[in-house]
Number of protein chains: 2
Amino acid sequence: MARPVAPRGRGRERVLGAALSLFAEHGVSGTSLHMIAEALGVTKAAVYHQFRTKEELVLAVLRPVGDEITAFMDAAEGCPDGPERLDAVVVGLVDLVSHHRRLTAVLRGDPAVGRLMRTHEPWRSLTPRVARALLGAAPDPARRVAVSMIGAGLMLSGVEPQLAGLDDATLHRELLRSARLLLGLPAPAGSA
Amino acid sequence: MARPVAPRGRGRERVLGAALSLFAEHGVSGTSLHMIAEALGVTKAAVYHQFRTKEELVLAVLRPVGDEITAFMDAAEGCPDGPERLDAVVVGLVDLVSHHRRLTAVLRGDPAVGRLMRTHEPWRSLTPRVARALLGAAPDPARRVAVSMIGAGLMLSGVEPQLAGLDDATLHRELLRSARLLLGLPAPAGSA
DNA sequence: GTCTATAGATAGATAGAC
DNA sequence: GTCTATCTATCTATAGAC
């Protein structure tokens with residue numbers, strides 16, 4: 001409709017890349033538009049040409065993660081409730097962290113991002129869906145704590161210096177093992 | 001020595017309490033001295049009378065946690081290296097989180113605090129001590145991931161909404177169970 | 001698409017009166 | 001110990017030239 005076909009050229013992607021790097025290092029609140037512009041060798045005004053507000057920029061940075069979560073949640077909710085669906089969600093989250101190691105860390109940690117996610121789609125509806133899938137219908141305290149630890153551990157693993165040396169495949173394998181262990185999920189038949 | 005006996009009166013404690021609440025809700029970077037002063041019904045200048053800089057205030061807020069970590073690390077390092085020492089450190093950390101539920105969340109998450117801890121004592125020397133005790137001499141990837149998940153899970157549990165309803169004792173029990181599970185530590189004989 | 005320039009708000013921090 | 005007042009720097013955001 002009113003949306004011009006190609007508002008997202010090369011410039012837009014460059015801004016998103018620089019913003020992600022700086023968000024991961026300094027947090028969203030600790031990153032100014034001046035810092036982003038400086039990293040690109042341009043001025044703030046050039047960044048504002050691509051994104052009308054900082055909020056819009058943050059949401060654009062987070063968007064690939066939201067898309068991927070939506071995709072695997074749609075798929076997981078296709079199978080009946082139970083351990084299989086739970087495992088599918090866990091695998092989806094671990095895939096996500098492996099694909100976007102620095103990006104996922106932006107989600108947790110900064111309360112400003114948390115507020116953004118509580119007020120904007122797709123996060124507003126996505127967050128409860130994921131929580132519900134992991135917790136089940138009537139979670140006991142043990143399950144609540146396990147889910148909390150998995151969420152925190154997955155999201156912060158992208159910026160944990162101790163894990164920086166691990167390659168994606170190793171990180172994926174060990175995160176999945178730990179998450180399944182916490183949830184009491186058996187390793188599937190095909191795994192080593 | 002040169003330290004006057006009572007620089008820390010009631011006013012100082014009030015500032016620390018308000019700062020902690022706001023740090024836990026908005027993060028350190030997201031909390032201004034104006035917000036702290038407003039919560040106390042005073043002006044910024046009154047806060048600056050108690051703490052010369054924001055950095056000094058943040059370090060003062062974190063101090064009780066540093067003291068407690070120092071104490072249990074000193075005790076744990078008294079016993080020989082091995083599963084017993086490891087378990088002692090884990091118990092110390094879980095105790096800590098239960099004692100200072102909101103406070104521990106300030107430690108992780110905000111990169112500004114991370115930088116502060118890398119440059120100021122006791123954190124500068126304390127952080128590697130804890131990491132070394134949890135990781136052991138030659139940690140494999142599995143151990144690294146488990147330790148990372150424990151660290152993230154413990155520290156963020158204080159602000160996780162899903163856990164807000166749990167009382168301290170329940171939180172303590174379940175965090176300890178999960179942490180031991182991840183590390184392959186057997187529950188001690190006396191536990192239920 | 002990028003720039004200069006600037007507005008308006010707010011940050012951390014200080015000076016000095018009471 | 002708290003205040004008013006102020007400084008300086010930086011923040012988000014906008015206007016308008018090139």
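Computed from heavy atoms alone, side chains included, the values below leave out hydrogens, waters and symmetry copies. Proteins come first, then strands; the chains are lettered A, B, ... in the order of their sequence lines, and each starts at number 1.
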**Message:** Using the rule given for side-chain contact (heavy atoms from CB on, under 4.5 Å), can you reason through B/Met155 versus B/Leu93, listing the C-alpha separation, both sets of side-chain angles and the distance that settles it, and then say yes or no?
**Reply:** CA-CA 9 Å; B/Met155 295 310 162; B/Leu93 285 170; 4.2 Å; yes
**Prompt:** Of all the choices, C/dA13, D/dC3, C/dT2, which nucleotide is nearest to the side chain of B/Ala45 once you look at every atom?
**Reply:** D/dC3
**Message:** Between B/Thr43 and D/dT2, is there a contact of a side-chain N or O with OP1 or OP2 at under 4.0 Å?
**Reply:** no
**From D/dT2, C/dA11, C/dA13, nucleotide with atom closest to B/His34 side chain** = C/dA11
**Message:** With a 4.0 Å limit, can you tell me whether A/Ser32 has a side-chain N or O closer than that to the phosphate oxygens OP1/OP2 of D/dC11?
**Reply:** yes
**Complete:** Out of C/dG12, C/dA11, D/dT2, minimum distance to the side chain of B/Lys54 belongs to C/dG12
**Prompt:** For the side chain of B/Leu33, counting heavy atoms from C-beta on, which of D/dT2, C/dT2, C/dG12 is nearest?
**Reply:** C/dG12
**Asked** Given that B/Lys44 and B/Gly41 both sit by DNA chain D, which one's nearest nucleotide is further toward the 5' end?
**Response** B/Gly41
**Request:** Mark yes when over 12 heavy atoms from residues, nucleotides or ligands other than A/Arg124 sit less than 6.0 Å from its CZ; otherwise mark no.
**Result:** no
**Message:** Classify A/Ser29 by what it touches in the nucleic acid, base, sugar-phosphate, or nothing, heavy-atom distance under 4.0 Å.
**Reply:** nothing
**Prompt:** Between D/dG1, C/dA13, D/dT12, which nucleotide gets closest to the side-chain atoms of A/Tyr48?
**Reply:** D/dT12
**Complete:** Between CD of A/Glu38 and P of C/dC3 the distance, given in whole Å, is 12 Å
**Message:** Is it true that A/Thr170 and A/Glu174 share a donor-acceptor pair across their side chains at a distance under 3.5 Å?
**Reply:** no
**Message:** Could you tell me how far apart A/Arg12 (CZ) and C/dT2 (C1') are, to the nearest whole angstrom?
**Reply:** 17 Å
**Request:** Whole angstrom is fine here: how far is it from CD1 in B/Ile36 over to P in C/dA11?
**Result:** 11 Å
**Fill in**
Closest non-hydrogen contact found for A/Gly27 with A/Asp110 is C-OD2, 4.0 Å
**Fill in**
Taken to the nearest whole Å, CD/A/Glu13 to P/C/dG1 is 12 Å
**Asked** Whole Å only: how far is the CE atom of B/Met35 from the C1' atom of C/dG12?
**Response** 15 Å
**Request:** Looking only at non-hydrogen atoms, find the nearest pair between B/Leu62 and B/Trp123 and report the distance.
**Result:** O-CZ2, 3.4 Å
**Asked** What is the distance, rounded to the nearest whole Å, between atom NE2 of B/His49 and atom P of C/dA17?
**Response** 17 Å
**Message:** Whole angstroms only, please: what is the NE2-C1' distance between B/His26 and C/dT10?
**Reply:** 15 Å
**Asked** Can you check the B/Glu56 CD to C/dG12 P distance for me, whole Å?
**Response** 15 Å
